[in-house]
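Both counts, for ligands and for their atoms, begin at 1 and track the order of listing. For clarity, every value in this text was computed on a predicted model and none was experimentally measured.
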Amino acid sequence: MAARHAETIAAVATPIGEGAIGIVRLSGPEAISIVDSFFMGRHSLLNVRTHSLVYGRILNAKGEPIDECLVGVMRAPNTFTGEDIVEINCHGGRLVVEAVLSLVLEAGARPAERGEFTQRAFLNGRLDLAQAEAVIDIVRARSPRGLYVAARQLEGVLSERVRAVREKLLHAVAHIQVMIDYPDEGVDELGSDELMEELTSAQGALEQLIKGARVGKVYRDGIRLAIVGRPNVGKSSLLNALLHEERAIVTEIAGTTRDTIESSALLGEIPVTLTDTAGLRETDDPVEKIGVDRTRKAISSADLALVVVDGSRPLTEDDTAVLEWLQSEASTIPIIVVVNKCDLGIVVDLEALPQPKGRARVVRVSALSGEGLQRLEEVALDVITGEIELEGAPILVTRARHIASIEVAKRAVSAAIESLELGMTSDVVSVDLQESLEALGQITGESVAEEVVAHIFAEFCVGK
Ligand code: GDP
């Protein structure tokens, strides 16, 4: 556990703007005395019990009133940061909150850096690194499921799993150490069986985590979905229908190019960024060519492409051009062929559709009536999550950083098992296990470089 910080930090903890309340938060050894210096309440803050809320007024240096407020006093060590924390709940206006923050800074606090409250919680041992990351994941959650997974991570569920695997590996390392230290005793059959069992069980636990991780990452980061097709097949209608279906349109932002529109929505419980693109027609027209290039770029950065065709008409050359390009070597993303306008009757020859390769599927929908949209959603989810068997593989891992560490750890454990099977010397096995331990320690923060920690907290906002 790191030593407590000498400096007291302060920041506005609520969004700047008009609101019911605005909160200025302080953490550090001087937090209580700093606020007490300009706070007029029935009691001095210096004497109130921990975790109490005190009503009073805030006065500026000239003794003029700034606001009436409720001040929360929480004394170390049972606080979020592990230090004394004071939260000034004032009225939620830009000027008043800024005035209170200025008073706090004049009285000796320094402005907090991004994520510094949570970083202190980590440094003071209140949270491990995975839990600290969960704080930002809660703030940024884009779907109820993403929020749930993050909240469980904050509770320490992921950390517990990781520690349990570390325990097994530490046990195995100790076991091997005995073999190295007392070579004359020989490795009895039972001993090496036990070791193998421990390693296999650790390997299994890591595999389970990796299985759930692929889906977990989708819930956290969402997916990019490109809607492609020639003009008039109903791309915009489909986009709107998908957004309307979920009633969760968040933003409508111009895409990176003039030809693409991006919107955010929830597809089921998965956050998606939908990109409506222009056509993909082969052309000699230079202007059109630029559009096509941009479309291809937009598609290439997607996780899944919905290729829309008009089911009420025969396929045109443009439809085929889109499908063929998507199936060419130039594109590797999975596709779903969406046969739209099925309310008008199906005229398009489905058999004539270029046979989708890999995991591509064909779904009939009507953007107009809503028919088939549910099915489309299911198929999209299925394609994205692949054939992952989720049973018994809880979704605990969502971050790329964690997934990478777990994969390194798993590879190292597998290598250790292999070395053991090949009858390698114990120290070879031991090296693999150390590598695995190191990788797992990076998740919870036991063995993580300072730059990585700094990078993680830089993602936060000020006041968190
Ligand atoms: P886009 O150019 O591919 O974006 O196509 P739009 O979404 O603008 O749709 C072109 C036309 O087809 C519009 O008149 C829509 O009302 C119509 N349309 C779109 N989807 C359907 C559908 O499922 N059924 C029917 N009957 N018409 C549709």
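For ligand 1, the polar-atom distance check finds no N/O of Leu238 at less than 3.5 Å from any of the ligand's N/O atoms.
Classification of Glu18 and Arg94 as a salt-bridged pair fails, no side-chain N sitting under 4.0 Å from a carboxylate O. For Arg110 and Glu7, the salt-bridge test passes: some basic side-chain N is under 4.0 Å from an acidic carboxylate O.
The atoms of ligand 1 that sit less than 4.0 Å from any heavy atom of Ser237 are 6 (P), 7 (O), 9 (O), 15 (C), 19 (C), 20 (N). Of all atoms in ligand 1, numbered sequentially from 1 with element shown, those under 4.0 Å from a heavy atom of Ser236 are 1 (P), 4 (O), 7 (O). Close approach to Leu344 involves these atoms of ligand 1, each under 4.0 Å from a residue heavy atom: 26 (N). Residue Pro231 has at least one heavy-atom neighbour below 4.0 Å for each of these atoms of ligand 1: 2 (O). Contact atoms of ligand 1 toward Asp343: 22 (C), 23 (O), 24 (N), 25 (C), 26 (N) (distance under 4.0 Å to a heavy atom of the residue).
Residues Ser447 and Gln442 have side chains that never bring a donor and an acceptor to within less than 3.5 angstrom of each other.
In this structure, Ala20 has no side-chain contact (heavy atoms from CB on, under 4.5 Å) partners at least two apart in sequence or on a different chain.
For the pair Val86/Met74, no side-chain contact is recorded, criterion being any heavy-atom separation below 4.5 Å from C-beta on.
Under 4.0 angstrom from ligand 1, the non-hydrogen atoms of Val233 come from both its backbone and its side chain.
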- Message: Test salt bridge (charged side-chain N to carboxylate O under 4.0 Å, His left out) on Arg114 and Glu459; report intermediate values, then the result.
- Response: CA-CA 7 Å; Arg114 284 169 168 273; Glu459 238 191 273; over 6 Å; no

